[in-house]
There are 2 protein chains.
Amino acid sequence: MMGIVMHHTETTMTNTELSSGPRRTRQRAAVGAIMATLNEFHTAQEVHAALRDQDNSIGLATVYRTLNQMADADELDCIRTPDGQSAYRLCSHGHHHHLVCRRCGRTVEITPPDFEQWTRQVAAENGFIDLDHELELFGLCAECAAA
Amino acid sequence: MMGIVMHHTETTMTNTELSSGPRRTRQRAAVGAIMATLNEFHTAQEVHAALRDQDNSIGLATVYRTLNQMADADELDCIRTPDGQSAYRLCSHGHHHHLVCRRCGRTVEITPPDFEQWTRQVAAENGFIDLDHELELFGLCAECAAA
DNA sequence: CTGTATGCAAACATTTTGCATAAGC
DNA sequence: GCTTATGCAAAATGTTTGCATACAG
């Protein structure tokens with residue numbers, strides 16, 4: 001973690017970080033493809049099961065790794081479901097937020113007025129940088145409320 | 001779970017559910033007391049550790065059970081932290097939100113303008129009831145940014 | 001005394017990680 | 001041919017549960 005000195009004379013990775021992202025593998029393509037077809041949030045387990053069901057099974061760990069990476073790369077949005085699982089969805093066009101039914105999981109996209117701008121202002125006022133935020137509303141949708 | 005018929009002639013619990021809530025035990029009092037002193041969200045593990053530190057140690061499972069029960073009884077608010085733990089806080093009268101440094105944990109209380117009112121409006125527009133929400137901002141505070 | 005609450009340890013579920021192997025570039 | 005990605009199984013994590021015991025009412 002500290003003070004490790006590398007003594008080998010030359011690395012193979014010559015050019016300055018032209019490494020150009022992750023390698024294109026069947027598994028990564030499969031995850032990307034299936035995420036493209038899903039419009040709601042889904043857990044890693046669900047994605048894994050869905051791939052298995054379409055005879056394109058890949059390792060569960062790989063699903064977790066890939067989803068994490070895609071989320072880190074801002075390709076996916078990630079939220080925590082009320083029961084504590086991570087759920088992912090294709091990240092379209094800048095952050096957005098959701099109104100989620102805590103029973104059936106139905107989600108509605110919402111856009112708070114002036115929200116992003118307000119977060120920047122608050123952060124600036126308090127000397128914070130490198131801002132991120134999390135905003136979700138939870139409730140019972142009409143159907144679940146009726147049932 | 002179903003169809004279990006009790007054959008003993010009389011139960012001890014005579015009157016119609018005058019059971020009057022949970023029993024008052026040292027452990028439950030300890031959890032209640034410590035939650036009363038905390039103004040931020042804290043996980044079960046943190047509560048357990050805090051009690052141990054003040055030589056009032058109780059079982060971890062009991063902490064989980066008690067917090068769950070208090071949350072079910074609407075005595076505590078519960079959120080999920082970004083890393084997937086449940087965090088509890090005394091259920092106060094009008095929610096507030098925070099700007100949290102993701103390095104040192106320093107928190108600043110923030111009050112989005114018209115936020116609660118806006119959430120009610122959005123929920124109503126979408127037929128959602130029994131609303132709850134979660135809003136936190138994360139960033140690097142000035143000190144941590146300098147370091 | 002009766003039944004609920006506790007503590008402990010084991011069970012559980014979800015997610016992460018170590019390591020040998022396969023595969024991309 | 002380097003090096004990254006994968007799969008598997010094991011570890012780690014956070015939480016819940018079964019059961020014998022302690023204790024509140």
Side-chain angles (χ1 to χ4, degrees), chain A residues 1 6 8-15 17-32 41-49 51-52 55-73 75-76 78-88, chain B residues 1 4 6 8-15 17-32 41-52 55-73 75-76 78-88:
Chain A
M1 198 151 191
M6 303 295 224
H8 61 102
T9 47
E10 191 89 26
T11 73
T12 307
M13 181 81 67
T14 48
N15 316 26
E17 291 307 323
L18 270 181
S19 32
S20 64
R23 290 181 175 172
R24 320 231 283 83
T25 66
R26 176 182 72 83
Q27 292 84 343
R28 176 165 285 263
V31 172
F41 283 94
H42 293 273
T43 67
Q45 314 260 0
E46 287 170 350
V47 171
H48 179 249
L51 288 171
R52 181 169 34 63
D55 296 314
N56 201 6
S57 198
I58 70 180
L60 177 58
T62 301
V63 174
Y64 275 104
R65 276 188 286 234
T66 306
L67 290 176
N68 271 338
Q69 288 161 189
M70 293 178 75
D72 279 348
E75 292 167 48
L76 297 180
C78 172
I79 64 170
R80 297 271 167 181
T81 67
D83 62 309
Q85 297 182 239
S86 294
Y88 300 86
Chain B
M1 199 158 196
I4 296 176
M6 303 295 223
H8 60 103
T9 48
E10 191 91 25
T11 73
T12 307
M13 181 80 68
T14 48
N15 316 25
E17 291 306 324
L18 270 181
S19 32
S20 63
R23 291 184 175 171
R24 323 227 289 80
T25 65
R26 177 181 71 84
Q27 292 83 343
R28 175 166 285 263
V31 172
F41 283 94
H42 293 275
T43 66
Q45 315 258 0
E46 287 170 349
V47 170
H48 178 249
L51 287 172
R52 182 170 33 62
D55 295 313
N56 201 6
S57 198
I58 69 181
L60 177 59
T62 300
V63 174
Y64 274 103
R65 276 188 286 233
T66 305
L67 290 176
N68 271 339
Q69 288 161 188
M70 293 178 73
D72 279 349
E75 293 167 46
L76 296 181
C78 172
I79 64 169
R80 297 273 166 178
T81 67
D83 63 308
Q85 298 182 239
S86 294
Y88 300 85

J.: Please state whether the base of D:dT3 and the side chain of A:Arg23 form at least one donor-acceptor pair under 3.5 Å?
T.: yes

J.: In this structure, how many angstroms lie between the P atom of D:dT13 and the CD atom of B:Glu46, rounded?
T.: 15 Å

J.: Run the side-chain hydrogen bond (donor to acceptor under 3.5 Å, both in side chains) test against B:Arg28 and tell me which residues pass, sequence neighbours left out.
T.: none

J.: Quick check on the helix from C:dC1-D:dG25 to C:dC25-D:dG1: what's the angle between its two end axes, five base pairs per end, to the nearest 10°?
T.: 30°

J.: Nearest whole angstrom, please: distance from the P of C:dG7 to the CD1 of B:Ile58.
T.: 6 Å

J.: To the nearest Å, how far apart are B:Leu67 CG and C:dA5 P?
T.: 15 Å

J.: Under a 4.5 Å cut-off applied to non-hydrogen side-chain atoms, are B:Tyr88 and B:Asn68 in contact?
T.: yes

J.: Look for any protein N or O under 3.5 Å of an N or O in nucleotides 12-15 of chain C and output each such pair with its distance, or none.
T.:
residue : atom : partner : partner atom : Å
C:dT15  : OP1  : A:Ser86 : N            : 2.8
C:dT15  : OP2  : A:Tyr64 : OH           : 2.4
C:dT15  : O5'  : A:Tyr64 : OH           : 3.4

J.: In whole Å, what is the span from the CZ atom of A:Arg52 to the C1' atom of D:dC8?
T.: 16 Å

J.: How would you list, by chain and number, every residue that makes a side chain to side chain contact (heavy atoms under 4.5 Å, CB included) with B:Arg65, sequence neighbours excluded?
T.: B:Ala61, B:Thr62, B:Gln69

J.: Quick one: list whatever passes side-chain hydrogen bond (donor to acceptor under 3.5 Å, both in side chains) with B:Thr66, sequence neighbours left out.
T.: none

J.: Write down the atom of A:Asn56, the atom of A:Ala30, and the distance for their closest heavy-atom approach.
T.: ND2-CB, 3.5 Å

J.: Separation of B:His42 atom NE2 from D:dT15 atom C1', in whole Å?
T.: 20 Å

J.: Output the distance between atom SG (A:Cys78) and atom CE (A:Met70), rounded to the nearest 0.5 Å.
T.: 12.5 Å

J.: I need the minimum non-hydrogen distance between B:Ser57 and B:Arg26, along with the two atoms involved.
T.: O-NH2, 3.5 Å

J.: Please tabulate, for side-chain N and O atoms in residues 42-50 of chain B, each donor-acceptor pair with protein atoms closer than 3.5 Å (sequence neighbours left out).
T.:
residue : atom : partner : partner atom : Å
B:His42 : ND1  : B:Glu46 : OE1          : 3.1
B:Thr43 : OG1  : B:Glu46 : N            : 3.1
B:Gln45 : NE2  : B:Tyr64 : OH           : 2.8
B:Glu46 : OE1  : B:Thr43 : N            : 3.0
B:His48 : NE2  : B:Ile58 : O            : 3.0

J.: What is the distance from CZ of B:Arg65 to C1' of D:dT15, rounded to the nearest Å?
T.: 11 Å

J.: Please list, by residue number, the residues of residues 25-32 of chain B whose heavy atoms come closer than 4.0 Å to an atom of DNA chain C; answer none if no residue qualifies.
T.: B:Thr25, B:Arg26, B:Gln27, B:Arg28

J.: Rounded to the nearest 0.5 Å, what separation is found between the CD atom of A:Gln85 and the CD1 atom of A:Ile79?
T.: 11.0 Å

J.: By side chain to side chain contact (heavy atoms under 4.5 Å, CB included), which residues pair with A:Ala73, not counting sequence neighbours?
T.: A:Glu75

